[in-house]
Amino acid sequence: MDHYKSPRNHGLLPDADAAAEGQNPLCGDEVAVSVRLGEGDVIESVGFEGRGCAISQAATSMLTDLVQGRTAQDVAAMPKEELLDELGIPLTPVRLKCAILGLGVLKLALHKARGTPLPEEWGTSARDLVLE
Amino acid sequence: MKVVATGVVSNSLGTVNPVEQLAAWAHDHGAVMVADAAQAAPHRKVDVQALGCDFLAVSAHKMCGPSGVGALWGRAELLEAMEPFLTGGHMIRAVGPDETSWGELPHKFEAGTAPMAEAVGFGAAIDYLNAIGFDRIEQYEHELAAYALERLAELPWVTSYGPPADRRAGIVSFNVDGVHPHDVAQVLDFEGVAIRAGHHCCQPLMRKLGVAATNRASFYVYTIPEEIDRLVGGLHLVRKAFS
């Protein structure tokens, strides 16, 4: 609730190196993420904007804290469990999608900017879920 | 063939649609009127003659019956003129090397082994509802919907959608200012109040209302007014948690 009411790193970065937006059509959650990368593709700062349920927005806020200082490659390979552990609450399958929306959008942004791999489990259909 | 299709009762707002007028309009334009009464049949008397429709569908699981079975009614002359959409056991009259004739209605459209247990269960559910009486069910739901709308109107931070109680079945859709319906539903769930939250498979309607989703409280014969009070109590907790 703290992350929902006072989101960290809220607001898109003016001179971003990577950016993407996505939505979860089932809920209408929307998240846009922008990233500034430093030397060695280390994430220097992340900003996000969005609207939707508390889980989607709070999880994205937590994510922005988690990924700063890590490389784009590292984050592209980050398992969703790491974020879910951080969230620390049990989620139903529907709400799981809310929780990992921000992570998906961030991975998409890094993929577009640096060609990092997208999660294999996305296949081709899940890629449509994260709309550009 | 042109088809006009509508729900008899809206699953997201509870609006009772004027199917009689729509059917007359459809027929004026040479179209066939298809009515989905899945959301109406549990809640009010559904009379295919009075509605003037050509086809009407209902689902057993919305009428206290089993899942996986329902009923599709069609005007006999239209069904006679139609070809089967599914082939299998029970649906033929005579089969020859060059020619096949179809069975009598309704067998022509009931290929294969029927879900017998489900069909019997559906019948028992209809008997149960008839024993209560659809006029009583409709009247009781109307009272519940009116009470719920009245209680929700006391909350200035709640927006209700849909027509007045006398033109709706027993559901109330609403939103709490600034709180996503999934969050509302989660808090209410903690309080033992189960509602539906989401777009109710009606994304165009949600867009028209200008919302991502709504909360929907549904009432039926087993709902008591005290449960609506608990819903309102739960909404105060939602407001407290998210403000």
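Chain identifiers are assigned alphabetically (A, B, ...) following the order of the sequence lines, protein sequences preceding nucleic acid strands; residue numbering begins at 1 within each chain.
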*asked:* For B:Asp183 versus A:Ile55, what's the shortest heavy-atom pair and its separation?
replied: OD1-N, 4.2 Å
*Return the minimal non-hydrogen interatomic distance between B:Gly178 and A:Tyr4, and the atom names on each side.*
O-OH, 3.6 Å
If you count the non-hydrogen atoms of other residues, nucleotides and ligands that lie under 6.0 Å from [atom1] in [X], is the total more than 12?
X	atom1	answer
A:Glu81	CD	yes
A:Lys5	NZ	yes
A:Arg70	CZ	yes
B:Arg230	CZ	no

*Ignoring hydrogens and geometry, is there a side-chain-to-backbone donor-acceptor pair from A:Arg95 to B:His182 under 3.5 Å?*
yes
*Roughly how far, to the nearest 0.5 Å, is the SG atom of A:Cys98 from the NE2 atom of B:His180?*
7.0 Å
